[in-house]
Structures are given as C-alpha cells and as structure tokens.
Amino acid sequence: MTDWLLCHAASVIPIAFACYYANGDIKKLKSDKAYINRIMDATIAAYAILEDNGHEIMPDSDKDFRNPKFKKKYIPFYQFIFATKLGKLCTSDHAMNAIDEMSALNRDFKEYIEEYGDIPQAWIDLEKDTNGYLEFLRDNGFTAVYSNLLPSTIPLMYAECKIGVEK
C-alpha cells in the first residue's frame, strides 16, 4: 500500500501543479506537448528515486517509465484529461478545491524523497510555475479553513478556500 500511495503522489502532484499553472483552465494545456512532457519528466524523476531506493512502481503500466516510449504512450492520456469534462472533474476541480491538501501532499512527498537525495529539478520547476496562482489567492484574501471531517489513511490536511475566513 505504501508504494502505491507514493507512486500515486508522484503522478498526481505534477497534475495538480498543472491545474494551478493554468488557473484551473486545464483545457489550454491539452495541446501543449512541451508542458505535458514537463509533467511527465517530474513524474519519471520521482519514480526513478522511488525505484532506485527499493520501492515498487505501481500501477504495472508505469513500470516501464524508463523506456523512452513511456512518454509517447502517455501524451494522449494527458491530452484527454486536459480536454474533457471527466478530466476536469478528476483533476482540476479537485486540485482547485483542495489547495492545502495538494500542498501538504507535495510537502510530505518531497520530505520523503529528500531522504534519498535532492528533489528532482523537473519537480522544482513545475512547483515554481504554481507560485503565481498561490500568491494570487493569498493576496486576495483567501485563507484556508481546515476540516477534520474527512477520514484519511494518510496524514493529509483537507481544506477549502473562502474569502475573509481566518484559520
């Protein structure tokens, strides 16, 4: 279960970064193959750290992440999720309404992989792209409202953003 959760974080967080980079409008990324490749570079780099340190890569379809054809296989997947309502629901809607959750997941994941060495540059670069969006929220009076109502098997913060509500 631990390996699955780590691999899930390695693939989900870069997609959340994309959602923040696009200010929630992920449709504008569907044709941006350069940005999609950057998302995959971050995931691949995280997978490499995990696998090189004894973790099993999951799901099985991602075990070939070191194969140069891996990216080619996944470009249509990213284009699909960035172009469809289903993709918006599963990625952007969640990321845009769970900013603190994604932030906590990113923080905890980076802390975990730092045990093995440096955070991959591809990861850092995607993360930097999100700063403008997160600064916009802070500068416009959005604050996090924390909730203990959602159960979790991993230590995450669940939150929503609302204008004018203090922690």
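Remember, predicted model here, so these are calculated numbers, not experimental data. Residues: numbered from 1 along the sequence shown.
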- Query: What class does the angle between the rings of Tyr74 and Phe77 fall in, given that below 30° is parallel, 30 to 60° is tilted and above 60° is perpendicular?
  - Reply: perpendicular
- Check the pair Ile81, Ile15 against side chain to side chain contact (heavy atoms under 4.5 Å, CB included), reporting the backbone distance first and the verdict last. CA-CA 10 Å; Ile81 63 171; Ile15 294 171; 4.1 Å; yes
- Item | Student check: side-chain heavy atoms of Lys33 and Gln79 closer than 4.5 Å | yes
- Note on the structure: Exactly one of Ile26, Asp93, Asp25 clears side chain to side chain contact (heavy atoms under 4.5 Å, CB included) with Cys19, and that residue is Ile26
- Among Asn53, Asp118, Ile49, find the residue that satisfies the side chain to side chain contact (heavy atoms under 4.5 Å, CB included) test when tested with Ile113. Ile49
- Examine Tyr78 and Leu89 and state if one hydrophobic cluster contains both, with Ile, Leu, Val, Met, Phe, Trp and Tyr joined whenever side-chain heavy atoms are less than 4.5 Å apart. no
- Message: Tell me whether the count of non-hydrogen atoms from other residues, nucleotides or ligands lying under 6.0 Å of NE2 in His8 goes above 12.
- Response: no
Atom of [X], atom of [Y] and distance for their closest heavy-atom approach:
X      : Y      : result
Ala10  : Trp123 : O-CZ3, 3.7 Å
Phe109 : Ala9   : CD1-CB, 3.7 Å
Leu29  : Ala22  : CD1-CB, 3.9 Å
Ser61  : Phe70  : O-CE1, 4.0 Å

- Judged by modelled atom types alone, do Tyr116 and Asp52 share a side-chain donor-acceptor pair under 3.5 Å? no
What distance separates [X] [atom1] from [Y] [atom2], expressed to the nearest 0.5 Å?
X      : Y      : atom1 : atom2 : answer
Ile44  : Arg66  : CD1   : CZ    : 10.0 Å
Ile119 : Ile124 : CD1   : CD1   : 6.5 Å
Phe82  : Asp32  : CZ    : CG    : 9.0 Å
Asp62  : Met58  : CG    : CE    : 11.5 Å
Ile39  : Asn37  : CD1   : CG    : 9.0 Å
Ser11  : Phe65  : OG    : CZ    : 12.5 Å

- Query: Salt bridge between Lys63 and Glu56, side-chain N to carboxylate O under 4.0 Å?
  - Reply: yes
- Candidates Lys71, Lys72, Lys73 - the one meeting salt bridge (Lys or Arg N to Asp or Glu O under 4.0 Å) with Asp64: Lys73
- Between Tyr21 and Phe17, does the ring centroid distance fall short of 6.0 Å? no
- Query: Are any side-chain N or O atoms of Ser103 and backbone N or O atoms of Ile99, one a donor and one an acceptor, separated by less than 3.5 Å?
  - Reply: no
- Task: Indicate yes or no for a side-chain donor-acceptor contact from Tyr20 to the backbone of Asp129 under 3.5 Å, with no hydrogens or angles considered.
- Result: no
